[in-house]
Amino acid sequence: AQSVAQPEDQVNVAEGNPLTVKCTYSVSGNPYLFWYVQYPNRGLQFLLKYITGDNLVKGSYGFEAEFNKSQTSFHLKKPSALVSDSALYFCAVRPFSGNTPLVFGKGTRLSVIA
Amino acid sequence: NAGVTQTPKFQVLKTGQSMTLQCAQDMNHNSMYWYRQDPGMGLRLIYYSASEGTTDKGEVPNGYNVSRLNKREFSLRLESAAPSQTSVYFCASSEAGVRTYEQYFGPGTRLTVT
């Protein structure tokens with residue numbers, strides 16, 4: 001069965017510093033990987049996805065993620081954090097083959113401090 | 001283009017009462033989903049519908065029923081609400097099958113069962 005681990009419940013970073021939100025996955029075969037963001041009292045918004053090809057994926061709002069097959073990781077990164085990036089971030093996975101919906105991690109709360 | 005809409009936004013029920021959460025999408029997506037979000041638990045899949053006329057159980061289906069009314073609408077019913085069903089409920093949709101594409105989320109329904 002597929003699963004996602006987000007090892008940090010909370011990440012704090014100063015505004016202007018680079019940020020990383022970690023995600024590791026377990027899936028049979030090749031994965032499809034996704035990052036979503038949730039602002040307070042809102043639904044989830046899609047940020048980016050890895051399907052195949054280049055291991056570095058660029059997404060919305062200046063975010064990017066690096067797929068590392070050997071480490072089964074898909075960490076979310078941004079070179080310079082903004083206060084407005086403060087939100088809850090979810091990593092999700094589905095297997096390349098099979099017919100199952102996304103499985104989400106438990107989420108990481110990012111706080112960017114001015 | 002409203003995307004995914006959910007009604008109601010908020011609801012308070014007494015234990016044993018029933019209610020139906022409504023979801024509609026205007027993106028002509030084939031697949032629809034119901035998740036619940038609880039603190040520290042991330043998003044957990046309740047039921048999904050890969051296409052009109054089909055429904056399948058997710059990770060936490062007990063106490064819920066669903067109806068895929070047509071291609072646009074997917075409702076979630078609580079027959080006899082319990083305090084353990086206090087949660088935020090999200091509906092989502094995606095193109096084609098459940099396999100490849102990112103899911104688009106509604107704004108959520110915050111349900112409290114007393």
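Throughout, a chain's letter reflects where its sequence line sits, starting with A, and its residues are numbered from 1.
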*Looking at A/Phe46 and B/Glu102, what are the two nearest heavy atoms and their distance?*
CD1-CB, 3.6 Å

_Exercise: identify the closest heavy-atom pair between B/Tyr35 and A/Pro101_ = OH-CB, 4.2 Å

_Under 4.5 Å from a heavy atom of chain A, the part of B/Arg110 involved_ = side chain

*For A/Lys22, does the NZ atom sit with more than 12 other heavy atoms under 6.0 Å from it, leaving out its own atoms?*
no

*Group every Ile, Leu, Val, Met, Phe, Trp and Tyr by side-chain heavy-atom contacts under 4.5 Å, then state whether A/Leu47 and A/Val13 land in the same group.*
yes

*Kindly check if the number of other-residue, nucleotide or ligand heavy atoms within 6.0 Å of NZ (A/Lys106) is above 12?*
no

_Choice from A/Leu44, A/Leu88, A/Val103 maximising heavy atom contacts with chain B below 4.5 Å_ = A/Leu44

*Go through the atoms of B/Glu59 and report whether side chain, backbone, both or neither lie under 4.5 Å from a heavy atom of chain A.*
neither

*Of all heavy-atom pairs between A/Gln38 and B/Gln37, which one has the smallest distance, and what is that distance?*
OE1-NE2, 2.9 Å

*Name the region of B/Leu43, side chain, backbone, both or neither, that has any atom closer than 4.5 Å to a heavy atom of chain A.*
both

*Group every Ile, Leu, Val, Met, Phe, Trp and Tyr by side-chain heavy-atom contacts under 4.5 Å, then state whether B/Tyr89 and A/Phe90 land in the same group.*
no

*Should we say atom CZ of B/Arg77 is surrounded by more than 12 heavy atoms from elsewhere, each under 6.0 Å from it?*
yes

_Quick check on A/Arg109: does its CZ atom have over 12 non-hydrogen neighbours (other residues, nucleotides or ligands) under 6.0 Å away?_
no

_Can you confirm whether A/Leu102 sits close enough to B/Tyr48 that some side-chain heavy atom of one is under 4.5 Å from a side-chain heavy atom of the other?_
no

*Could you state whether A/Val37 and A/Val11 fall into the same hydrophobic cluster, counting links through intermediate Ile, Leu, Val, Met, Phe, Trp or Tyr residues with side-chain heavy atoms under 4.5 angstrom apart?*
yes

*For the student: nearest non-hydrogen atoms of A/Phe104 and B/Gln103, plus distance*: CE1-NE2, 4.3 Å

